[in-house]
**Student:** 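One structure follows; several queries about it will come next.
Side chains are part of it too, since the values below use all heavy atoms of this structure and drop only hydrogens, waters and symmetry mates. Just so you know, ligand 1 is whichever comes first in the structure, and atom 1 is the first atom listed for that ligand.
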Amino acid sequence: MKHILLLSTGGTIASRPGADGLEPGLSGEELIASLGDLKGRFDVQVRQIMNLDSSNIQAEEWQLMARCVYESIPDYDGIIITHGTDTMAYTASMLSFMLQGLRKPVVLTGSQIPMENMLTDARNNLFCALAAVEAGISGVSVAFNRHIIRGCRAVKVRTMGFDAFESVNAQYLGEIFADGLRVYPPTFIPDGELVLRDRVSTDVLLLKLIPNTNPKLFDLLPQIGYRGVVLETFGAGGLHFHHRNLLEKMRMLHQRGIVVAACSQCLYEPSNFTIYEVGRRLLETGVIPAGDMTTEAAVTKLMWALGQTEDPAQVRELFGRNLCGEISE
Ligand code: ASP
């Protein structure tokens, strides 16, 4: 019998119609009760740690979740976190950085339709999460629509479809077929003991470049107190310096100790800043290439790295390391 802790945080899975639309209302106990009799196979303890639409989940909530997992994991075979789908990929990435060295399963799941609705996908997704724990799929993952995705590779790609999450630039950790759950060999195995590193900086901006992005925008960042920027560049890695010179602004940010990481606007495949002149000139300004990290992973990793140290050189070093399977090597 597997001993599982379910941490419920809200989201559609736990929502009910309210005066102004769907709002989280169902307790963790009610969620697990809807699965029927799990006796003999799973012993599930439930702890409701918040009840929020995931749009309201931010640094404080990530820290609360990470601390709960860190303190409780020795007593369980695995932990399931029910969570809204909208920011689940950010939470899954951030927990992966905060809880390095994790060897037990910590599985996030949610649903597109509330548990109480007849058409719900919630039961299916929760059973998928239970199966991931039962199979011992270690580390932080997302269980959704019969797929288990490494947490730092998950991206929400659909607003309505049940296949709302994809595993970007990484194979699934597991998949459910008619013959059961197939678990694939892990491509990342952590070394070292489980550590809780839950300090983060919230002074990080994500900016998706568009043709004509006004360079003056970047002059504001030091004034507002930003310490890090993730730049979603064009294609394999480009930005404009003709008519509107963004390169000199990147250089200015670097000189002022603001760390800039650059990834691609394309969802799939790695960025590569060495192919084109526009990319090479960007690298010369001191930006850090994000390889094939998802935007969600790059943003949370920069927040996390800036929480570990004040020294931009150390942030750069941490950002470049593969910490939990977020970069292909
Ligand atoms: N707005 C909801 C949330 O992220 C959406 C969902 O859970 O699917 O909390």
**Student:** Please walk me through it: do Y184 and E175 pass side chain to side chain donor-acceptor pair (under 3.5 Å)?
**Tutor:** CA-CA 8 Å; Y184 302 122; E175 260 178 296; 2.6 Å; yes
**Student:** Check this for me - ligand 1, D86, N or O atoms closer than 3.5 angstrom, yes or no?
**Tutor:** yes
**Student:** What's the spacing between L95 CG and T300 OG1 if we round to 0.5 Å?
**Tutor:**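 If I round to the nearest 0.5 Å, the distance is 9.5 Å.
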**Student:** Could you tell me if the side chain of V69 sits less than 4.5 Å from the side chain of I81, heavy atoms only?
**Tutor:** yes
**Student:** Going by the atom numbers of ligand 1, which of them fall below 4.0 Å from some non-hydrogen atom of T12?
**Tutor:** 2 (C), 5 (C), 6 (C), 7 (O), 8 (O)
**Student:** Please say which of Q48, H83, E61 ends up in a side chain to side chain contact (heavy atoms under 4.5 Å, CB included) with T9.
**Tutor:**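 Result for side chain to side chain contact (heavy atoms under 4.5 Å, CB included) with T9: H83.
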**Student:** Given salt bridge (charged side-chain N to carboxylate O under 4.0 Å, His left out), test E29 with R47 step by step and report yes or no.
**Tutor:** CA-CA 8 Å; E29 292 290 353; R47 212 179 296 159; over 6 Å; no
**Student:** Provide, to 0.1 Å, the distance between atom 4 (O) of ligand 1 and the closest protein heavy atom, together with that atom's residue and name.
**Tutor:**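 It is S54 OG, 2.5 Å.
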**Student:** Has ligand 1 got any nitrogen or oxygen that is less than 3.5 angstrom from a nitrogen or oxygen of T87?
**Tutor:** no
**Student:** So S328 and R153, do their side chains get closer than 4.5 Å, heavy atoms only?
**Tutor:** yes
**Student:** Applying a heavy-atom cut-off of 4.0 Å, say which part of S111 lies close to ligand 1: side chain, backbone, both or neither.
**Tutor:** backbone
**Student:** Using a 4.0 Å cutoff against the non-hydrogen atoms of G11, which atoms of ligand 1 qualify?
**Tutor:**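 Checking each atom against G11, I get 7 (O), 9 (O).
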**Student:** Which residue supplies the protein heavy atom nearest to atom 8 (O) of ligand 1, what is that atom called, and how far is it?
**Tutor:** T85 OG1, 2.5 Å
